[in-house]
Amino acid sequence: MVWTSRVCFRKYGNFVDNIRLYVRGGSGGMGLPRLGGLGGNGGDIWVVAKKGITLKQIKDKHPNKRFTAGVGSNSSIHALRGAKGEDSQVFAPVGISVTTDNGRILGELNCEGDNLLVAKGGHGGSLHSGFLPSKGQTRQIRLDLKLIADLGLVGFPNAGKSSLLTALSHAKPRIASYPFTTLRPEIGKVMYDDHKQVSVADLPGLIEGAHVNKGMGHKFLKHVERTNQLMFVVDICGFQLASNTPFRSAFETVLLLNKELELYNEELLGKPAILVINKMDLPEAQGRLRELETHLENQEGSLMRFTHVVPVSATTGLGLPLLKSLIRQSLEEQNIIETDGQRSERLLKLRREIPTSSIPMRRPLQNTYDHHVL
């Protein structure tokens, strides 16, 4: 089935995929010794998932990135039990992980309305504390987007990733003949006629040695982890970063991209991926394509399995309608597989939860033959 589509590619020049916040729970209120009054507890800090929120909005709205909860009320003759301090809520995007500065995971917010306590308020003054309150919890936390797009474009600098998205849209991302024209992820939307949308991340180009943090290194590979599927974009004529670096053929480029992902995180090779062979309008491109296809067919080892290999030209538009159709097809196939897997997992979990004693035992069949009769 072929879907018609139009692409709206918006360039997010200040895209934010992680943010560091200072959070402090409210201090407790003073107790009242002569009457045994209890001070109110301090307010708590909660991170709450909400649709339509972006990390950039948090950064812009709270430039100091500090969140403090309310202080608990002191005990008084009018109110022996002080009121709890007001809680503070940090509204964040759906699909984030919350960690401490040292990388310890506090929790994940995967659905709208999910909430996570990140800083607890102090206790109000009581008999056990000499009616003195305690301070609220203080910590630095990080909010990280777990998934930034349905599809992430992977390729060495000047592979034509930005040009490819330009060909699919009316936007004009920064493009030049020098490396690293994309310095941070840019998120675009492929919108189909039935209103289906697919988000595509144009990721910063990586270089050889990214797995040991060369170039944009781990920052790039971290973005790769946060996409559902990958799209390798390779120049059919090969790649050379600089005059003092070796030239790589298209096939060698595929192997090198594969190697960088594998060395960083072997699990990335399990992601569904499409291989796009760009610049097919250049001379000798057809011959080079046949050569590449032969190498791919005969390759042995841990090469990523591509669901589709699509030759295109961002300049002439060759192969772009087919590519858009295959993007959607691949994502929908993955969704079906994951849905079936989740259903099987839930069923298996349910079976484990059912106690054995509640399963009716089948009574053995009785022998109807009379053993006394020969």
Side-chain angles (χ1 to χ4, degrees), residues 16-146 346 349-350 352-355 357-358:
V16 177
D17 68 332
N18 66 85
I19 191 171
R20 184 171 183 256
L21 305 176
Y22 170 88
V23 292
R24 187 181 72 201
S27 298
M30 291 287 295
L32 189 61
R34 64 191 178 91
L35 295 178
L38 304 177
N41 292 333
D44 304 321
I45 306 280
W46 296 83
V47 178
V48 182
K50 185 176 181 181
K51 288 183 178 178
I53 297 292
T54 66
L55 293 182
K56 186 177 184 303
Q57 288 174 342
I58 299 175
K59 183 180 178 182
D60 292 342
K61 188 175 180 180
H62 306 277
N64 60 1
K65 293 177 279 188
R66 295 172 67 91
F67 293 84
T68 306
V71 176
S73 298
N74 296 332
S75 175
S76 68
I77 57 173
H78 303 293
L80 287 180
R81 188 177 188 89
K84 185 179 184 296
E86 186 177 356
D87 289 348
S88 178
Q89 292 183 322
V90 182
F91 290 107
V94 175
I96 63 165
S97 62
V98 184
T99 61
T100 61
D101 256 359
N102 60 9
R104 184 168 66 89
I105 297 177
L106 299 176
E108 296 181 347
L109 306 179
N110 297 315
C111 302
E112 185 169 23
D114 284 356
N115 57 74
L116 180 68
L117 178 63
V118 292
K120 192 168 177 57
H123 293 291
S126 66
L127 176 64
H128 300 293
S129 64
F131 296 98
L132 296 175
S134 62
K135 292 183 178 180
Q137 186 179 18
T138 300
R139 63 176 17 153
Q140 303 275 1
I141 63 169
R142 292 181 180 273
L143 308 184
D144 283 283
L145 279 175
K146 296 194 302 172
R346 285 196 300 267
K349 184 179 178 182
L350 185 62
R352 287 172 181 164
E353 291 173 352
I354 298 175
S357 58
S358 65

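We're numbering straight along the sequence, starting at 1.
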Point-to-point distance, once rounded to the nearest 0.5 Å, from [atom1] of [X] to [atom2] of [Y]:
{"X": "S134", "Y": "K120", "atom1": "OG", "atom2": "NZ", "answer": "10.0 Å"}
{"X": "F91", "Y": "N115", "atom1": "CZ", "atom2": "CG", "answer": "10.0 Å"}
{"X": "I19", "Y": "I141", "atom1": "CD1", "atom2": "CD1", "answer": "9.5 Å"}
{"X": "I45", "Y": "Y22", "atom1": "CD1", "atom2": "OH", "answer": "9.5 Å"}
{"X": "L55", "Y": "R142", "atom1": "CG", "atom2": "CZ", "answer": "12.5 Å"}
{"X": "L109", "Y": "I96", "atom1": "CG", "atom2": "CD1", "answer": "4.5 Å"}

[X] side chain near [Y] side chain, heavy-atom distance below 4.5 Å:
{"X": "T54", "Y": "V16", "answer": "no"}
{"X": "K50", "Y": "E112", "answer": "yes"}
{"X": "L132", "Y": "M30", "answer": "yes"}

Checklist line | More than 12 heavy atoms from other groups under 6.0 Å of CD on E108 | finding: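 Enclosed.
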Notebook entry, point to check: Do other residues, nucleotides or ligands put more than 12 heavy atoms under 6.0 Å from I105 CD1?
Noted result: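 No.
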Next item on the list: Determine, stepwise, if the pair L38 / H123 fulfils side chain to side chain contact (heavy atoms under 4.5 Å, CB included).
Entry: CA-CA 10 Å; L38 304 177; H123 293 291; over 6 Å; no
Compare every heavy atom of [Y] with every heavy atom of [X], then report the nearest pair and how far apart it is.
{"X": "L145", "Y": "P93", "result": "CD2-CB, 4.0 Å"}
{"X": "S75", "Y": "L32", "result": "OG-CB, 3.4 Å"}
{"X": "A69", "Y": "D44", "result": "CB-O, 3.7 Å"}
{"X": "A49", "Y": "C111", "result": "CB-O, 3.4 Å"}
{"X": "S129", "Y": "G124", "result": "OG-O, 4.3 Å"}
{"X": "Q57", "Y": "G52", "result": "OE1-O, 3.3 Å"}

Next item on the list: State which residues pass side chain to side chain contact (heavy atoms under 4.5 Å, CB included) with F131; sequence neighbours excluded, sorted by chain then number.
Entry: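 Checked F131 against side chain to side chain contact (heavy atoms under 4.5 Å, CB included); matches are P33, L127.
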Taking [X] for its side chain and [Y] for its backbone only, find out whether a donor-acceptor pair lies under 3.5 Å.
{"X": "D144", "Y": "S97", "result": "no"}
{"X": "N110", "Y": "G95", "result": "no"}
{"X": "S27", "Y": "V71", "result": "no"}

Check: Are R139 and D101 close enough for a salt bridge, meaning some N to O gap below 4.0 Å?
Finding: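 No, no charged N to carboxylate O under 4.0 Å.
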Next item on the list: Take I58 and L143 through the test side chain to side chain contact (heavy atoms under 4.5 Å, CB included) and record every step on the way to the result.
Entry: CA-CA 11 Å; I58 299 175; L143 308 184; 4.2 Å; yes
